Structure formats: structure tokens, C-alpha cells
Amino acid sequence: MAARIIDGKAISQAIRDELKDRISQVKASLGRPPGLVILLVGDDPASQVYVRSKLKTGEDAGMKVTLETLPSSASLEQVLEVVNRYNADDACDGILVQSPLPKALGHAAEQQVFDAIHPSKDVDGFSPISAGLVAQNRSGFAPCTPAGVIEMLQRSDIEMAGKHAVVVGRSDIVGKPMAMLLLHQNATVTICHSRTPDLAAMTRQADILVAAIGRPAMITAEHVSPGTVVVDVGINSVTDAAQAAQIFENHPNRMAVFEKRGSVLVGDVHPDVANVAAAITPVPGGVGPLTIAMLMANTVKSAEGRSQ
Ligand code: NDP
């Protein structure tokens, strides 16, 4: 039987609709809308698309979204100067530095920049203080993607308590906080990664399987037991015709997208997994829209904290 498709766009819209009243209340008490600053360094095309989408969603919701840009030749000092300027700005509730930063800034730059964002404005939830608060199940800003996955499961009436959740991926921004948030929902959690031997043996034990790997269609039907809820966090752009044809052999509509555009978005989960799973999040239109909705929710929460 085909899996139930979890509609991330609809859930994201519901969250954003619910934020409207809260945004009005912030405006009434602070005399200004919630303020989000997005810093984009360099000209990475995917980042530009993500930033445009965040800008539009925030502005449509009635927030003030300010875009700051720096060229890819910018120094770490220049990036930190922008962050510090908005740390000190009372009209700014949230600061988001779009990842990845240009490689020229060096390996450690990204963490240094995330570390510099004041914890009360860390609406992306990437700072070590936010990570600690999430680990201890305390109030703070959880990273938007894993927080969005929890919202998605809750709003889809998918029980997490007592279930075995398997998370593939252990990054600081997705895999690890995802595992923590599932644990706080009383799931029993297994984290897998590139050094996990026999991945399929682990993932087949999952009631809830979250794939956050960054490898197109890596999780196949062989990795999934019937009845599993599959959450596909991956967003991969496939530009190779042979790879697209292999992945979308049984999905002519998706292959048509590739033929039209020369590229197609693919999750970390193979589309044929929908024949085995009980429920699945699509790519696109699954976790992605939730990530943006949770960014808005975190910014409103930050503004509410300032208006008390
Ligand atoms: P990272 O590259 O930081 O982490 C990938 C993780 O996958 C690592 O822990 C890695 O293991 C693991 N991994 C890699 N290969 C394998 C393998 N063969 N078997 C098992 N595990 C493996 O990626 P992110 O966490 O930042 O992102 C993951 C995916 O989610 C990407 O596709 C990204 O584009 C997408 N994403 C989507 C968002 C959304 O809004 N929907 C937001 C953020 C990310 P190890 O640690 O051992 O190297």
C-alpha cells in the first residue's frame, strides 16, 4: 500500500497562520514587528535561493526581515562586525548567518560566527548555548529543521513516545539535535552515521526513521520495514541524467522535472520507499517548508521575550 504523504507545505502554512496573532501582539507591545536579520556572505546559488525564500516568508508574515550581504572576499572580522552590530541592536530579535560561509574564510569560521551570535538572538539554534539548552530540554532555540520535524510528526498525529526512532546523520545542526528532540518526546533513539556497520539492519528496526545524510536516494526500500514513518530531511540537487533516470525510473513526473530544468531535487530517501513506509515526507514539500516556519516561530518567540 502506498504511504501516506505528509504535506509539509500545509503544516508550514498552518504554523505561519498561527503566528499572525502573536506578531500583532508583538507589534502592539514593542511598537515594531519582530525583526530578523539575515547575513549572506558570498554568492552561493543555493544559499541565495534559501535566503530569498526566508525573506519573502518573513515579510509575508508581517515581520521585518533585513538582508545584509557581504562579498565572498569578506574577512572573518567583517562578518563578526555585522553580527556584533545586530547583537547590540534592540530592534533585532533574531540573527541568521546563512550557511555555508565561503571556504576562503577557513574551516573554523562558521563555528566562530555562530558562537558570536547572542544566545537571545540565536533563532537558528546553532550556538553551543542553544545546543546545551536543547540537550537539557530547557527553553531556548532548537535548530529549525529538527524542531520542524517534531512539529510535523505531532501535527500528523504520529506517536513518538515509546517508539524506536532511528536518525541517520549526526551533524550539529540536524542529526544530533534531532535525536535529542526525539528523546525528549520519549522515543528510544538510535543515531547512525558513516561508520555504522550494516546500516540497513539498524534502519529496519525503526518505527520512525529520519534521514539527514546529504546523499541522494541513499535510503532504499531495503532499509525500511513496512509500517515505518520516514522523514526525509535531505535536499540534494541531482544534475546527472543517468543518476536522475536511475532514481526516478518509476516516477516519470519527477523525471520530467529533470528533463525540463536539467536538475531535480532529491531527498536522502529513494522515492520507491513510499511503497513500503506507512507515511513519508516528500522532497520537495516536506521538511523544507517546516524549517522556514520554525525560523519564523523562533524569531517571534525571541521578540515576545523582549516584550515582556
Ligand atoms: P552533514 O554533511 O553535516 O552530515 C551528514 C551526516 O550523514 C553525517 O553525520 C555523516 O556521518 C552521515 N553520513 C554520510 N554518509 C553516510 C553513510 N553512507 N551512511 C550513514 N551515514 C552517513 O549534513 P547536514 O546534517 O547538514 O544535512 C543533511 C542533509 O539534510 C543534507 O541533504 C542537507 O542538504 C539537508 N538539510 C535540509 C534542511 C531542510 O530544511 N530540509 C536543512 C538542513 C539540511 P559522519 O558524521 O560519520 O560523517
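Quick note: residue numbers are just sequence positions, from 1. Both counts, for ligands and for their atoms, begin at 1 and track the order of listing. Remember, predicted model here, so these are calculated numbers, not experimental data.
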Check your understanding: To the nearest 0.1 Å, how far is atom 47 (O) of ligand 1 from its closest protein heavy atom, and which atom is that?
Key -> S194 OG, 2.5 Å

Check your understanding: Among all protein non-hydrogen atoms, which one is nearest to atom 24 (P) of ligand 1, and what is the separation to 0.1 Å?
Key -> S171 OG, 3.7 Å

Exercise for review: List every atom of ligand 1 that sits less than 4.0 Å from any heavy atom of V287, numbering the atoms from 1 in the order shown and giving each element.
Suggested key: 41 (N)

Review point. Closest heavy-atom contact between I11 and S156?
Key: CD1-OG, 3.7 Å

Point to revise | T196 touching ligand 1 at heavy-atom level, < 4.0 angstrom | key: no

Check your understanding: Short list, please: which atoms of ligand 1 are under 4.0 Å from a heavy atom of I173?
Key -> 26 (O)

Point to revise | Region of I235 engaging ligand 1 - heavy atom pairs below 4.0 Å | key: both

Review point. Without hydrogens or angle criteria, can the side chains of D21 and Q25 be said to hold a donor-acceptor pair below 3.5 Å?
Key: no

**Study point:** Close-contact set for ligand 1 against T291 heavy atoms, below 4.0 Å
**Key:** 39 (C), 40 (O)

Exercise for review: Step by step, work out the side-chain contact (heavy atoms from CB on, under 4.5 Å) result for L290 and I15.
Suggested key: CA-CA 9 Å; L290 263 294; I15 293 170; 3.6 Å; yes

Revision key, fill the gap. Heavy atoms of P34 and D93 approach each other most closely as CA-OD2, 3.3 Å

Review point. If you take all heavy atoms of S47 and L40, which pair is closest and at what distance?
Key: CB-CD1, 3.8 Å

Check your understanding: Got an N/O contact under 3.5 Å between V233 and ligand 1?
Key -> yes

Point to revise | R32/D90 salt bridge by N-O under 4.0 Å criterion | key: no

Point to revise | Atoms in ligand 1 with a heavy atom of M218 nearer than 4.0 Å | key: 17 (C), 18 (N), 19 (N)

Check your understanding: Nearest non-hydrogen atom to atom 6 (C) of ligand 1 belongs to which of A212, G214, P284?
Key -> A212

Check your understanding: Can a salt bridge be assigned to the pair D60 and K56 using a cut-off of 4.0 Å between side-chain N and carboxylate O?
Key -> yes

Study note, to complete from the structure: Correct closest heavy-atom pair for A221 and V273 would be N-CG2, 3.6 Å

Check your understanding: Between L290 and ligand 1, which part of the residue brings a heavy atom under 4.0 Å of the ligand: side chain, backbone, both or neither?
Key -> neither

Practice item. Please work out whether any backbone atom (N, CA, C, O) or any side-chain heavy atom from C-beta onward of N236 is under 4.0 Å from ligand 1, and answer side chain, backbone, both or neither. Key: side chain

Review point. In the protein, what heavy atom is nearest to atom 15 (N) of ligand 1, and what distance, to one decimal place, separates them?
Key: R215 NE, 2.9 Å

Check your understanding: Between K20, E18, Q13, which is the residue that forms a side chain to side chain contact (heavy atoms under 4.5 Å, CB included) with R16?
Key -> Q13

**Study point:** Protein contact to atom 44 (C) of ligand 1 [nearest heavy atom, distance to 0.1 Å]
**Key:** V174 CG2, 4.0 Å

Check your understanding: Any idea which of L295, T145, I213, V231 brings a heavy atom closest to atom 16 (C) of ligand 1?
Key -> I213

Check your understanding: So, is G169 polar-close to ligand 1, with some N/O to N/O distance under 3.5 Å?
Key -> no

Study note, to complete from the structure: Near G288 (heavy-atom distance under 4.0 Å), the atoms of ligand 1 are 40 (O), 41 (N)

**Study point:** Min heavy-atom dist C192 to ligand 1 below 4.0 Å
**Key:** no

Study note, to complete from the structure: Closest heavy-atom pair, Q246 versus H270, reported as atoms and distance to 0.1 Å, is O-NE2, 4.2 Å

Review point. Between the side chains of S127 and S130, is a donor N or O closer than 3.5 angstrom to an acceptor N or O?
Key: yes

Revision key, fill the gap. Here the gap from K54 atom NZ to L67 atom CG, rounded to the nearest 0.5 Å, amounts to 11.5 Å

Check your understanding: Is there any N or O on R170 that sits under 3.5 Å from an N or O of ligand 1?
Key -> yes

